[in-house]
Amino acid sequence: MAIPPIIEAPDPRLKQIAQSVEKVDAELARLMDDMLETMYKAPGIGLAAPQIGVAKRVIVVDLANEEEDEPRRPLRMANPEILWASETTRVHNEGCLSLPEQFADVERPTKIKVRYLDHENQVREMEAEDLLATVIQHEMDHLEGVLFVDRVSKLKRGILMRRLLKARKGKAAPDAQAWS
Ligand code: NI
């Protein structure tokens, strides 16, 4: 199976609202594995299905990808929903595989409780905090068509998008206005 390529901003497919999945069957479990392959190769620590052009509510996360020698501990989540979020927040300098080499500080709840369907269609609940909570929330944003640049000031967003397009100069230049 070919490793699906990552869609980069600004692409309208990243702005779509993803559809819930009915159940995690063999085909969907395969999609999760394909997403993990794409994420590990990038390398990244999280990926949402819309980033490979699939408008389904599926995300994968593996913080172990930060350190090459750490054993992998992939999380595969379908229909993730946040049941609870802490009032305390943390700021993380976020990046995104769909916005290569762009980073910005984003503030999100430090701790969350999330419910999801795993790769065997089992309902699971888990608590996450710190970086793991940040990444899960970042990936869940993708399911709503929201990128981390949508969570910073318009000024900062403009700077990041111009930088992204400039870095890509030579390829077809998409319309940066898509972001405003
Ligand atoms: Ni992202």
Side-chain angles (χ1 to χ4, degrees), residues 3-21 31-67 72-82 85 89-110 112 114 116 126 128-154 156-168 171 174 176 178-180:
I3 296 174
I6 294 171
I7 292 170
E8 294 182 3
D11 184 308
R13 287 173 290 178
L14 292 170
K15 306 301 283 179
Q16 287 178 350
I17 295 183
Q19 299 295 309
S20 297
V21 307
L31 170 72
M32 289 167 159
D33 287 339
D34 289 346
M35 287 170 61
L36 282 168
E37 282 308 306
T38 295
M39 183 191 80
Y40 288 131
K41 188 180 167 226
I45 53 176
L47 190 75
Q51 292 180 276
I52 56 164
V54 177
K56 289 183 179 166
R57 301 187 83 81
V58 177
I59 65 172
V60 294
V61 173
D62 192 343
L63 298 192
N65 215 24
E66 272 205 317
E67 306 282 340
R72 286 176 176 179
R73 43 175 196 281
L75 275 171
R76 304 164 172 92
M77 299 177 157
N79 298 347
E81 44 175 330
I82 289 177
T89 58
R90 72 188 291 269
V91 173
H92 189 80
N93 195 242
E94 294 190 18
C96 180
L97 295 174
S98 293
L99 293 131
E101 289 161 54
Q102 307 308 316
F103 300 90
D105 283 349
V106 179
E107 186 177 6
R108 303 181 189 270
T110 308
I112 55 169
V114 57
Y116 62 97
M126 72 171 287
E129 58 186 329
D130 300 326
L131 180 60
L132 183 58
T134 293
V135 176
I136 290 171
Q137 291 172 84
H138 172 117
E139 301 313 331
M140 286 181 67
D141 268 358
H142 278 295
L143 307 180
E144 306 300 329
V146 173
L147 302 177
F148 79 86
V149 287
D150 297 318
R151 293 197 175 275
V152 302
S153 71
K154 198 173 177 184
K156 177 80 179 165
R157 178 162 60 248
I159 293 169
L160 290 171
M161 290 312 296
R162 276 195 298 278
R163 243 191 241 158
L164 181 71
L165 297 180
K166 201 173 164 194
R168 206 183 285 154
K171 299 184 193 173
W179 289 100
S180 56

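All ligand and atom numbering here is 1-based and tracks the order in the structure. Heavy atoms only: backbone and side chains are in, while hydrogens, waters and symmetry mates are out. Remember, it's a predicted structure, so these values are computed and weren't measured experimentally.
For the pair Arg57 and Glu144, the salt-bridge criterion is met [side-chain N within less than 4.0 Å of a carboxylate O].
Test Arg108, Glu94, Arg151, His92 against Gln137 for side-chain contact (heavy atoms from CB on, under 4.5 Å) and you get one pass: Arg108.
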List the atom pairs, with distances to 0.1 Å, where a side-chain N or O of residues 39-54 and a protein N or O form a donor-acceptor pair under 3.5 Å, not counting sequence neighbours.
| from | atom 1 | to | atom 2 | distance (Å) |
| --- | --- | --- | --- | --- |
| Tyr40 | OH | Asp62 | OD2 | 2.5 |
| Gln51 | OE1 | Ala48 | N | 2.9 |
| Gln51 | NE2 | Ser98 | OG | 3.0 |

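Scored by the side chain to side chain donor-acceptor pair (under 3.5 Å) test, Glu107 finds Thr89 as partners (sequence neighbours excluded). Partners of Arg73 by side chain to side chain donor-acceptor pair (under 3.5 Å), not counting sequence neighbours, listed by chain and number: Glu70.
Residue-environment remark: CD (Glu81) exceeds the threshold of 12 foreign heavy atoms within 6.0 Å.
Around the Ni ion (ligand 1), the protein N, O or S atoms found under 2.8 Å comprise Cys96 SG, His138 NE2, His142 NE2.
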